[in-house]
Amino acid sequence: MDVWRARARRSAHPGGENEADRIAARWVAYLDRVGGGEADHRELRDWLDADTRHRGAFVRARAGWRMLDRDWQPGQQPADLMNDNQSARMSRRMVIGGFSVAAVAVTGLALGGFPREVEARVYSTRVGEIRRYRLDDGSTMTLDTQTQVEARLNGDQRHVTLVAGGAFFEVNPGPSVAFLASSPDFRVEGRNSSFSLVTAPAPQVTVAAGQVELRRARGLGRAPLRLERGMRAVVGSDGITDIAAVSPEEIARGLAWRQGGISLDGETVQQAAALFNRYNMLKIQVTDPDLARQPIVGWFRVDQPNEFARAVTSAFGGRVRRGQDGIRIGS
Amino acid sequence: MTEDQEWLIATLLPHEAEVRRWLRRTIKGRYDESDIIQEAYYRIWKTADHGAIQSPRAYFFKVVRNIFLEQVRRSKIVKFSDLAESDTQNIPSEEPGAMRYLEGRSQLALVQMLVDELPSRCRNVLRLRKIDGKSQRETAALLGVTENVVEKEVARALRHLLRRLGELENDGRLAGEGPQVGAPWRRKRS
């Protein structure tokens, strides 16, 4: 191999190709047409033997052509993927077909093949209502305030759709079919796990037990990500999903609502007020901006915003005014 | 080319853009970037024990760096600064983007987007060939074009895919792609 001096035909732009790349692509296309390998085509063999770089360009192009074949994931051997014909076929369809990604996400075809249409059963909670339901498959779900869930369950599928609000799911590991919970932002698949799924204010998934496979419902970040117990995925305001490990205490705190509690640990008064307002018709308004910024720690009942207001003013000073329109905390 | 080899090479493709960026900074136009990349693929392909490769990305970097250093040594005149400045000892640490890319953006999604960039006839050829499993001959008949056209479109699609893979940004986005498309994952250490 000679020293490769920069030449006039240097790659024209980043990620550029050179003559060997172009020829390699032509050979791969040709082999795709006529079949066979280098052993069957003397001209190709000669070209490959002429320069190691030709071989490099060729194996690269071959691998690229194969990439269009199947939905392989880093860390997964091809053999595993071959077993899953149905999903592989779906994936290819999504790659090249005219399939709209959104349509696939909505109808839930991507994960489970082609489930039969099942009529959805709708569960919902009103402001301040927290309810636990046992689903037909033996799983349970606890709905937070102002939540709506559509459940489609039969022998072929276990699919719940969180339309709005937040919910905690405890999946019955019995049925062989995976339990799928989707929200406008996520698709969470679990078999033996407990997790919460929230749509607002920041869409998130927190795994309390077991593990789940997480996908983004929209966009291109659709590779499944394994989320273990103690991990949380949150969609930031920039649309990027952060994955972080959270402590067991933090998880318990985030689930305090199931016992009708609000557990505060450093939230600002403003953020805490917003939490209470989700559970109560009587809204809290923090009129003093300095007070609104104060961090606060404590445990409250969701239906006792007055207790909260009193605690705030006794800690930071200020006054509580109650009126028709709600509770005002100010100086 | 065995399945094993093909798989290994395919795991390198998503790292190629990052390796190219590093290489470009290092060679400063003295050598042909694509030549070195091709030589690297060749050497990795030739490697007997693929199973021993722990991190394809680190391995890719190592091979590329070695090839570069060989070239420098073979040059008749090597300025000391060539080596001193080129930071050849340090393989860049895992760019957070690479991690995000691998986790958040499957090959599938990426390929999907690249395919979307193709002209319609090219895309139709790919669809018939790869989804419907038609041969190039059948594809040609269905589209009412000659087999030569189909073969050309296949080569064209492939070149596009490979070229664009080389242009991946750190965060898995493609050059020219707007922000937040694909909203990749971000792993926080805590």
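The figures here come from the full heavy-atom set of this structure, side chains too, leaving out hydrogens, waters and symmetry mates. Computed from a predicted structure; not experimentally measured. Lettering of chains follows the sequences in order, A, B, ..., and the numbering in each one begins at 1.
- In the displayed structure, R137(B) atom CZ is contacted under 6.0 Å by at most 12 heavy atoms of other residues, nucleotides or ligands.
- A donor-acceptor distance shorter than 3.5 angstrom exists from the side chain of K130(B) to the backbone of W65(A), with no hydrogens or angles considered.
- Residues E39(B) and R53(A) are not paired through a salt bridge, judged by the lack of any N-O separation under 4.0 Å between the basic side chain and the carboxylate.
- Note that CZ of R22(A) is 15.0 Å distant from CZ of R156(B), once rounded to the nearest 0.5 Å.
- With rounding to the nearest 0.5 Å, the separation of CD in Q38(B) from NE2 in H54(A) is 7.5 Å.
- Taken from CZ in R60(A) to CG in L162(B), the straight-line distance is 4.5 Å, to the nearest 0.5 Å.
- Atom CD of residue E19(A) and atom OG of residue S34(B) lie 11.5 Å apart, to the nearest 0.5 angstrom.
- The pair D32(A)-R129(B) meets the salt-bridge criterion, with a side-chain N (NZ, NE, NH1 or NH2) lying under 4.0 Å from an Asp/Glu carboxylate O.
- R33(A) contributes atom CZ, which lies 5.0 Å from atom CD of E151(B) (distance to the nearest 0.5 angstrom).
- Heavy-atom minimum distance, A25(A) versus R159(B): CB-CG, 3.4 Å.
- In R253(A), the CZ atom is crowded: over 12 heavy atoms of neighbouring residues, nucleotides or ligands sit closer than 6.0 Å.
- Atom CZ of F58(A) and atom CD1 of I9(B) lie 11.5 Å apart (nearest 0.5 Å).
- Without hydrogens or angle criteria, Q136(B) side chain to A29(A) main chain gives a donor-acceptor distance under 3.5 Å.
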